[in-house]
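All of these numbers come straight from a predicted model, not from anything done at the bench. Whatever order the structure lists them in is the order used to number ligands and atoms, beginning at 1. If you read the sequence from its start, that first residue is 1, and numbering goes on from there.
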Amino acid sequence: MLNNKQIAGKFDLLAKLMELHDDNPFKIKTYANAYLSLRKLEGNLAEMSKAELASIKGVGSTVADKIKELVETGEMKALEKFREMTPEGIQQMLSIKGLGPKKVKQIWKEMEIETIGELLYACNENRLVAYSGFGPKIQADIIEKLEYFQASQGKFLYAHVHKQAEKCLELIQTKQTSTKIEICGDVRRMMPEVKGIELLSDAALVDIFPEIESMEYIDDQWYYMAIPIFIYVTESARFDQELFRLNCSESFYAAFSNEELSAGDDQMIFKNKGLPFIPAEFREHTDALSKNESYIQNLIEVEDIQGIVHNHSTYSDGLHTLKEMADYVRDSGFKYFVISDHSKSAGYASGLNEETVLMQWNEIENLNNQFAYGFKIYKGIESDILADGSLDYSDDILAGFDIVIASVHSVLNMDEEKATRRLITAIENPYTRILGHPTGRLLLARRGYPVDYKKVIDACAANNVVIELNANPQRLDLDWTWIPYALEKHVKVAINPDAHSKESIHYIKYGVAAARKGGLTKELCLNTMNKEAFDQWLSRK
Ligand SMILES: [Zn+2]
Ligand SMILES: [Zn+2]
């Protein structure tokens, strides 16, 4: 069944395709608006009646009919009509962030290019600059986007695969009870991006796949819920060793001798080497081999998280009110909550002007007085880092927040030197306590701006600023590979969900998974602090 985001996505594509084909601008606007209001809607669109659909703001009866059609038939005729008129490569270009219908139309109609490969070739031949609106800078930018698009093909977010992997394993096991099967590879190592579901088995499996619902066979490849399944078959005697190999990075695996590897299962392999057990997600860098048992046992776990930092409410672009968010966090067992709506320059996200900030502070104070049982809401803000590195409120307002998270949201097109300087200026601002999503990357969609990680982390160390590991599974930014350097410099890491709805606070688990890969311990995470320690940290700067 289609979820709201998928349904909304169809209207986005429809609007873009219609624009590409110079269709009626009023209709285009209707569908573009439908996309905007549907993508964040609560409730399940697929289960609503036509009347319910039509009553949604931004959805009239035309759009409601189309949703019904889509849910009932799996197709939208209007969309199919435009798709048929548009080459596949052109549709792919529309899905690339930053390539709008106007540019794609020029590429198609003026340059007569119809595939990503052709376009990349044309860019590399410097052909685009001959066309109006395509300077050398835009061309270079398009090259980067296309290369990223090509590299991301055949990759999925861990968050979108891990549950399916377990479900798939369970279904296979019920059909083939005597076979030894384990999830392995990318999913087992909790890589932020995975190539699909990888399974190790001691017997052939595909014979039973046709009996399993949701299994599909397309072009020599089996899929479970549209995710490719890679099956590695090994003889029973080598199963443990093979599983160990698949669950380690190459360099980590290379540190083991054949004799050590033949010891038995992974518990035995580590024991035989005289090492504490290292979980699969931490079998990345060989440095992990030098960690003692207490270090490994102190690797961060979801249960260690005491407070939820970096959240949005309806004051800016969140789905739930401040109170709904706070209640949910409290009822989920956490001890404190930092609200950090967008700041005033974030017009795209209804950022808060000074007056609204004061209103929010007032509401927080009232709520804190009611929650007189150890739960606290902190007055935070996600303050935009402007192009010159400054924050977008006066010092008076900044001083009134308990905590300022500084993040870049606009003018993302910067070279490394400029981006690094911009971040460092923000880090040096005396009010900044956390640097939010340091590179602005969106996995599988947008590479972050380039930064000199060492300089940024060094600046955090010098200014007592915490660096965020944004736990949204599409961000996971700071990249986990930089955690060891942050730890070396004693820079604490905050694992923050950047929640725009109540349920998204559980993104924390993806942040924790990435943090474990980088060897983050409880002690070096900011929000494992209890409320008293957190208060103390806030008061020190
Ligand atoms: Zn942000
Ligand atoms: Zn945010």
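- Around the Zn ion (ligand 2), the protein N, O or S atoms found under 2.8 Å comprise His310 NE2, His312 NE2, Glu382 OE1, Asp498 OD1.
- For Phe334, there are no ring-ring contact (aromatic ring centres under 6.0 Å, His included) partners, not counting sequence neighbours.
- Between Lys531 and Lys376, the shortest heavy-atom distance links the atoms CE-CB, 3.6 Å.
- The ring-ring contact (aromatic ring centres under 6.0 Å, His included) test applied to His409 returns His342, His437, not counting sequence neighbours.
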- Task: Please step through side chain to side chain contact (heavy atoms under 4.5 Å, CB included) for the pair Glu284 and Arg189, ending with a clear verdict.
- Result: CA-CA 9 Å; Glu284 295 291 343; Arg189 286 166 61 199; 2.9 Å; yes

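- A donor-acceptor contact under 3.5 angstrom links the side chains of Glu468 and Asn470, judged on distance only.
- Under the rule for a side chain to side chain contact (heavy atoms under 4.5 Å, CB included), the partners of Ile364 that lie at least two apart in sequence or sit in another chain are Leu322, Ile339, Gln360, Asn368, Ile377, Lys379.
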